[in-house]
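All chains are named by letter (A, B, ...) in the order of the sequence lines, taking the proteins before the strands, and each is independently numbered beginning at 1. Note that the structure is a prediction, hence the values are computed from the model and not measured. Note that these values count all heavy atoms, side chains included, but never hydrogens, waters or copies made by symmetry.
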Number of protein chains: 2
Amino acid sequence: MTQPKKAPRPTGKNPAKSPVPRVRRTPEEARTLALTSARRLLLAEGPDAITLQAVAGDLGMSHTNLIHHFGSASGLQSELMRQMVSELTTTIESAVMRLRAGKAELKDFVDIVFDAFDRGGAGRLAAWMALTGESMHLAPIGEVVRDYIDSVERATDDEGGAAAIHERVTSATLFVTVAALGDAIIGNELRKMVGRERETVRKLMGTLLPAVLAPQPKGGGHS
Amino acid sequence: MTQPKKAPRPTGKNPAKSPVPRVRRTPEEARTLALTSARRLLLAEGPDAITLQAVAGDLGMSHTNLIHHFGSASGLQSELMRQMVSELTTTIESAVMRLRAGKAELKDFVDIVFDAFDRGGAGRLAAWMALTGESMHLAPIGEVVRDYIDSVERATDDEGGAAAIHERVTSATLFVTVAALGDAIIGNELRKMVGRERETVRKLMGTLLPAVLAPQPKGGGHS
DNA sequence: GTTCTTATTGAGAGTGTTGTCAATAGTGAC
DNA sequence: GTCACTATTGACAACACTCTCAATAAGAAC
């Protein structure tokens, strides 16, 4: 970091001005740094904190450099959304693979989905996208959810017919995903209010999900 | 352009110009109008759309008038939060009353909670507060949730001891609230992706909640 | 060394939002 | 009628954010 001062070339005007040493990064490194900082700001202060000035100030670079790398402020935000959704989907996809291969149980899958929405603020980001109308970035989640449904359908025994199975699996999928998102957003606050530990909701979901997927022995109101 | 001397403030100096008729409202009416507009903007375009200029433009008044009534922009936002949280809690409170009086079943209660988070964008608002760190406004929700827990505990049969009952009830409460919030935020999007109808998640919750509250015949996860 | 590419920067314009301030205009009280 | 109160307004200042532009500098290629 501490480099000896080279011959300052302050355009021949102010010879005493220090030339503000520059760090020159590779484009990938600069983008990675910016996205990391933006994510940290998102988690710490909310979506509105992700501005070019805030990210640039956090990294000690000029905000114009961020425009150079991402094209615009919305370019940076879109890239952050894309990256976080990508991480979310790949995490869930790997869990789907294990479930499909019979190497994981439903309870583990619930844990993975909850963790995926919690880790790195993915749930908060998804909520932000849904709130601001940027739901097109959520499309990959829809794909992996459909993939998940497909895998669970194969892993489920065939009683009751394909239609009934599909209904149960889609219901269970919506249930898990919605609960995981809600838990990531407001779970901590609510748990503090009632004095419960962190894994409460996901544990309950893990015990209930098999009952949802199992063929209902008793018609519990189909309407 | 160049007025050489003091020009009397141009008011009414043009006899043909219509003097832009003012509507004078009562303070309550002005505040109600502003809050209604702000809520509409929140639902339509997201939290960032709630600006003084946007609300004022929507109502056809000047933004300074909003400052006059709410003190500041954050005053308007805080008042909106307070109002919506108040509606949410009163709705749930009335449901708690009916549940406490034995005039409603758990399934109805689930419907009411889900509707409360959905109606008027209360769920979106709660997510906004959680995201922006304004979670102090969520405190009334905590109170009504504790009230709810108390009422359900009374309505539950006493098998298993008070501690076990309390654990089951708080778990169920967290479960319902978290799922209702997640459903309000992202439920519509996810349902569109997998092609399910609107009541899917809440219906599932209604069928599962009695099992959560019932004494578990088998000791589940201990940790 | 020289040259080229480009990451990086500062200055500045343009826009949007919040807020201040004095002036205006309804409305009721007198 | 006059007066007081205040809801309402326009003009303006201050600030934050985005983005353009020309200039600079770090490193690679030669």
Side-chain angles (χ1 to χ4, degrees), chain A residues 1 3-15 17-34 37-38 41 45-79 132, chain B residues 1 3 6-15 17-34 37-38 41 45-79 132:
Chain A
M1 295 295 275
Q3 288 188 350
K5 294 197 172 182
K6 295 174 182 164
R9 180 59 63 183
T11 69
K13 280 192 157 200
N14 202 336
K17 192 72 71 62
S18 60
V20 183
R22 297 184 183 182
V23 272
R24 188 186 179 96
R25 293 159 275 249
T26 65
E28 302 81 44
E29 188 180 356
R31 291 171 61 93
T32 301
L33 282 173
S37 171
L41 284 171
E45 305 176 41
D48 292 341
I50 307 179
T51 66
L52 293 179
Q53 292 184 345
V55 174
D58 186 40
L59 295 176
M61 66 171 56
S62 66
H63 74 277
T64 45
N65 201 20
L66 296 175
I67 296 180
H68 171 71
H69 284 295
F70 293 95
S72 65
S74 61
L76 169 62
Q77 294 182 358
S78 292
E79 183 61 20
T132 55
Chain B
M1 297 300 189
Q3 278 104 355
K6 75 179 260 293
R9 284 299 88 199
T11 302
K13 69 184 173 84
N14 200 336
K17 191 71 68 62
S18 59
V20 185
R22 295 186 184 181
V23 273
R24 189 185 177 96
R25 292 159 276 248
T26 66
E28 302 81 44
E29 187 179 357
R31 290 170 62 92
T32 301
L33 283 174
S37 171
L41 284 171
E45 304 174 41
D48 293 339
I50 307 180
T51 66
L52 293 178
Q53 291 186 343
V55 174
D58 185 40
L59 295 176
M61 66 170 55
S62 65
H63 79 278
T64 46
N65 201 20
L66 296 175
I67 296 181
H68 170 72
H69 284 295
F70 294 94
S72 65
S74 60
L76 169 61
Q77 294 181 359
S78 292
E79 184 60 23
T132 55

| NA contact type, B/His69, heavy-atom cut-off 4.0 Å: base, sugar-phosphate, or nothing? | sugar-phosphate
| said: For the OG1 atom of B/Thr132 and the CG atom of B/Asp48, what is their distance to the nearest 0.5 Å? | reply: 10.0 Å
| task | Give A/Thr26 one of three labels, base, sugar-phosphate or nothing, depending on what nucleic acid heavy atoms sit under 4.0 Å from its own. | result | nothing
| request: Starting at atom CZ of B/Phe70, determine the distance to atom P of D/dT8, rounded to an integer number of angstrom. | output: 11 Å
| Of B/Ile50 and A/Pro27, whose closest DNA chain C nucleotide lies nearer the 5' terminus? | A/Pro27
| remark: side-chain hydrogen bond (donor to acceptor under 3.5 Å, both in side chains) filter on B/Gln77, not counting sequence neighbours, yields none
| Whole Å only: how far is the CE atom of A/Met61 from the C1' atom of D/dT24? | 16 Å
| message | Distance check needed: D/dT18 C1' versus A/His68 NE2, whole Å only. | response | 17 Å
| Looking at NE2 of B/His63 and CD1 of B/Ile67, how far apart are the two atoms once the value is rounded to the nearest 0.5 Å? | 4.5 Å
| Atom-pair distance (CZ on A/Arg24; P on D/dA28), nearest Å | 9 Å
| query | What nucleic acid atoms does A/Thr51 come within less than 4.0 Å of, heavy atoms only: base, sugar-phosphate, or nothing? | reply | sugar-phosphate
| task | Would you name the heavy atoms of A/His69 and A/Arg31 that are closest together and state the gap between them? | result | O-NH1, 3.0 Å
| query | For the pair made of CG in A/Asp48 and C1' in D/dT18, what is the distance, rounded to whole Å? | reply | 15 Å
| said: Distance check needed: D/dT6 P versus B/Ile67 CD1, whole Å only. | reply: 19 Å
| query | Any idea which of C/dT9, D/dC19, C/dT24 is nearest the B/Arg22 side chain? | reply | C/dT24
| Separation of C/dT20 C1' from B/Asn65 CG (nearest whole Å) | 15 Å
| said: If the cut-off is 4.0 Å, is A/Gln53 near the phosphate of D/dC17, judged by side-chain N/O to OP1 or OP2? | reply: yes
| query | Between A/Leu52 (CG) and C/dG14 (P), how many Å, whole number? | reply | 19 Å
| task | Please report the shortest heavy-atom distance between A/Leu41 and A/Ala49, naming the atom on each side. | result | CD1-O, 3.9 Å
| Does D/dT8 have OP1 or OP2 sitting under 4.0 Å from an N or O in the side chain of B/Arg25? | yes
| said: Both B/Val23 and B/His63 contact DNA chain C. Taking the nearest nucleotide for each, which residue is further toward the 5' end? | reply: B/His63
